[in-house]
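Working notes for the structure below.
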Amino acid sequence: MNYRIKDSDIEMLRKAGVSEDDIKHCVRVAEKALEIAQRTGAKLNVELIGRYALFHDLGKAKTHAIEHGRIGAELGSQLGLPKEITDIMEKHIRGGLTEDEARELGLPVKDYTLKTLEERIVIYADRLVDIITEGIVDIKGDELEAERRFKEILREYPKYGKNEITLNRYLGYHREIQGMMKG
Ligand SMILES: [Fe+2]
């Protein structure tokens, strides 16, 4: 279960124009996703988890708007990244949109469902890292607090829960992944 984030991958983000702050976020999400993967005890493709997480915000090289998912995927394929990695860049927006939500947000209408546990762990880790690092929620210096209070935090802070559909999607990932840790 050992995977180390590659310096060459970080360099790729930097060369593409991703800011140092955004790179720091991507690395933290990768570390958190790998930690969670390990805690589930499941047999998982850890290299994919690390790279999904590291590249998920590649599009922020160009914009922080909601289009950064689609733009990241385009950029990633120009850089020669495998399709499964460019797919997660496009799908990570709000953790896997329904067609209705995509339509509402003016994004291409297609299937954004997160099909693998590797993808869902990365999306869950992304949300946790935001909660842990943004300083909006006082988690009292204990990262696990973000997991323990996940449901309550998403309900209380629209920034994290967004709306009922998004909130329930994230709670579904939370239940699934936490369930594996206990099992
Ligand atoms: Fe993002």
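Whatever order the structure lists them in is the order used to number ligands and atoms, beginning at 1.
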- [ ] Could you tell me whether Glu31 and Arg4 make a salt bridge, using a distance below 4.0 angstrom between a side-chain N and a carboxylate O?
- [x] no
Open item on the list: Between the side chains of Arg127 and Glu147, is the shortest nitrogen-to-carboxylate-oxygen separation below 4.0 Å, so that they form an ion pair?
Closed with: no
Task: Tyr160 and Phe150: CA distance, side-chain angles, deciding distance, ring-ring contact (aromatic ring centres under 6.0 Å, His included) verdict - done: CA-CA 10 Å; Tyr160 300 128; Phe150 193 77; 9.0 Å; no
TODO: Please find out if the Fe ion (ligand 1) and some N, O or S atom of His56 are separated by less than 2.8 Å.
DONE: no
Open item on the list: What do you get for the angle at the Fe ion (ligand 1) between NE2 on His92 and NE2 on His68, to the nearest 10 degrees?
Closed with: 90°
Open item on the list: I'd like the atom name of the N/O/S atom in Asp57 lying closest to the Fe ion (ligand 1).
Closed with: OD1
Open item on the list: Within the supplied structure, the quantity of interest is the number of heavy atoms (other residues, nucleotides, ligands) at a distance under 6.0 Å from Lys24 NZ; does it exceed 12?
Closed with: no
